[in-house]
Amino acid sequence: MAKKLVIKVTAGADAPERCSQAFTVAAVAVASGVEVSLWLTGESVWFALPGRAAEFELPHAAPLPELIDGIRAGGGAITVCTQCAARRNIEQKDLIEGAGIAGSQLFVSEIMPDDVQALVY
């Protein structure tokens with residue numbers, strides 16, 4: 001039975017290595033055929049806005065826009081935390097194509113099944 005991978009990113013440009021690791025793991029998992037749900041919380045929510053990922057730089061790391069494109073192209077889901085978006089005045093209409101906004105109820109329902117692995121960065 002295939003496992004699903006749910007990754008929660010709690011950092012953005014404020015902790016670039018942790019942020020990059022989360023996006024890299026998500027992209028590699030999608031490319032490997034794993035079903036991936038990537039949750040953006042805290043400062044990482046900014047990367048769900050058009051053009052914001054291009055501003056992120058980390059030496060020796062894959063460019064964030066390429067990782068995001070790979071996640072979306074492979075069918076990975078990208079979800080922005082409802083409260084995190086609200087605190088930053090971000091609405092659904094502001095997000096990149098394919099990203100959505102949802103709350104903890106959906107996150108919990110995604111991570112509870114036995115065939116799911118959850119990671120938090």
Side-chain angles (χ1 to χ4, degrees):
M1 177 182 279
K3 286 187 90 168
K4 178 178 180 177
L5 181 60
V6 178
I7 299 173
K8 182 182 244 188
V9 190
T10 63
D14 57 327
E17 289 183 309
R18 189 164 25 120
C19 178
S20 179
Q21 288 170 358
F23 281 92
T24 300
V25 169
V28 168
V30 167
S32 300
V34 176
E35 180 183 354
V36 173
S37 176
L38 180 66
W39 281 75
L40 307 182
T41 67
E43 289 299 296
S44 72
V45 303
W46 294 114
F47 300 128
L49 275 65
R52 294 300 287 264
E55 299 171 7
F56 181 86
E57 292 185 17
L58 181 63
H60 309 290
L64 214 52
E66 290 179 18
L67 296 173
I68 292 170
D69 288 346
I71 294 164
R72 292 187 305 169
I78 299 177
T79 306
V80 173
C81 161
T82 301
Q83 292 179 10
C84 300
R87 280 189 282 274
R88 292 159 179 83
N89 296 313
I90 297 171
E91 299 178 12
Q92 179 65 47
K93 66 179 178 59
D94 302 321
L95 303 181
I96 58 175
E97 184 178 336
I101 296 176
S104 297
Q105 182 179 7
L106 180 59
F107 179 76
V108 170
S109 72
E110 284 191 14
I111 65 169
M112 291 310 296
D114 290 338
D115 61 344
V116 173
Q117 174 67 52
L119 300 174
V120 177
Y121 286 89

(message) For a quick test of reading the model, state the closest non-hydrogen atom pair linking T82 to G103 and the distance between them.
(response) OG1-N, 3.1 Å
(request) Starting at CG of L40, measure out to CD1 of I68 and round the result to the nearest 0.5 Å. (result) 7.5 Å
(request) Please report the C-alpha distance between W39 and L106 in whole Å, then the side-chain angles of each, then the deciding distance to 0.1 Å, and finally whether the side chain to side chain contact (heavy atoms under 4.5 Å, CB included) criterion is met. (result) CA-CA 10 Å; W39 281 75; L106 180 59; 3.9 Å; yes
(request) Flag the pair K4 and E110 as a salt bridge only when some basic side-chain nitrogen lies within less than 4.0 angstrom of an acidic carboxylate oxygen. (result) yes
(message) Rounded at 0.5 Å granularity, tell me how far OG1 in T79 sits from NZ in K8.
(response) 11.5 Å
(message) Just verifying a value: how many Å separate T24 OG1 and I71 CD1, rounded to the nearest 0.5 Å?
(response) 8.5 Å
(message) So, taking the atom named CG in L119 and the one named CD in Q21, what distance separates them when rounded to the nearest 0.5 Å?
(response) 11.0 Å
(message) How long is the straight-line distance from CG of N89 back to CZ of R87, given to the nearest 0.5 Å?
(response) 11.5 Å
(request) For side chain to side chain contact (heavy atoms under 4.5 Å, CB included), just list the numbers for I96 and R52, CA-CA rounded to whole Å, side-chain angles, deciding distance to a tenth of an Å, and then say yes or no. (result) CA-CA 10 Å; I96 58 175; R52 294 300 287 264; over 6 Å; no
(request) May I ask you to decide if I101's main-chain N or O and Q92's side chain share a donor-acceptor pair within less than 3.5 Å? (result) yes
(message) Check whether S20 reaches the backbone of P16 with its side chain - one donor and one acceptor, N or O, closer than 3.5 Å.
(response) no
(message) Would you say L49 ends up clustered with L38 if hydrophobic residues are merged whenever their side chains have heavy atoms under 4.5 Å apart, either directly or through other cluster members?
(response) yes
(message) Heavy-atom count check: over 12 atoms from other residues, nucleotides or ligands less than 6.0 Å from E35 CD?
(response) no
(request) Kindly determine whether W46 and E55 satisfy side-chain hydrogen bond (donor to acceptor under 3.5 Å, both in side chains), including the steps that lead there. (result) CA-CA 10 Å; W46 294 114; E55 299 171 7; over 6 Å; no
(request) Spell out, yes or no, whether Y121 and L64 are grouped together once hydrophobic residues are joined by side-chain heavy atoms under 4.5 Å, including indirect joins. (result) yes
(request) Please report the closest heavy-atom contact between G42 and C84, naming both atoms and the distance. (result) N-SG, 3.2 Å
(request) Taking the side chain as every heavy atom from C-beta outward, state whether E17 and L58 have any pair of such atoms under 4.5 Å apart. (result) yes
(message) As a test of understanding, state which of L67, I78, V30 forms a side chain to side chain contact (heavy atoms under 4.5 Å, CB included) with R72.
(response) I78
(message) One pair to check against side chain to side chain contact (heavy atoms under 4.5 Å, CB included): I7 and F23. What are the steps and the verdict?
(response) CA-CA 9 Å; I7 299 173; F23 281 92; over 6 Å; no
(message) Can you tell me how far apart CD (E43) and CZ (R88) are? Round to the nearest 0.5 Å.
(response) 4.5 Å
(request) Start with the C-alpha distance between V9 and F47, add both sets of side-chain angles, then the distance that settles side chain to side chain contact (heavy atoms under 4.5 Å, CB included), and finish with yes or no. (result) CA-CA 11 Å; V9 190; F47 300 128; over 6 Å; no
(message) I need the minimum non-hydrogen distance between A29 and V36, along with the two atoms involved.
(response) CB-CG2, 3.6 Å
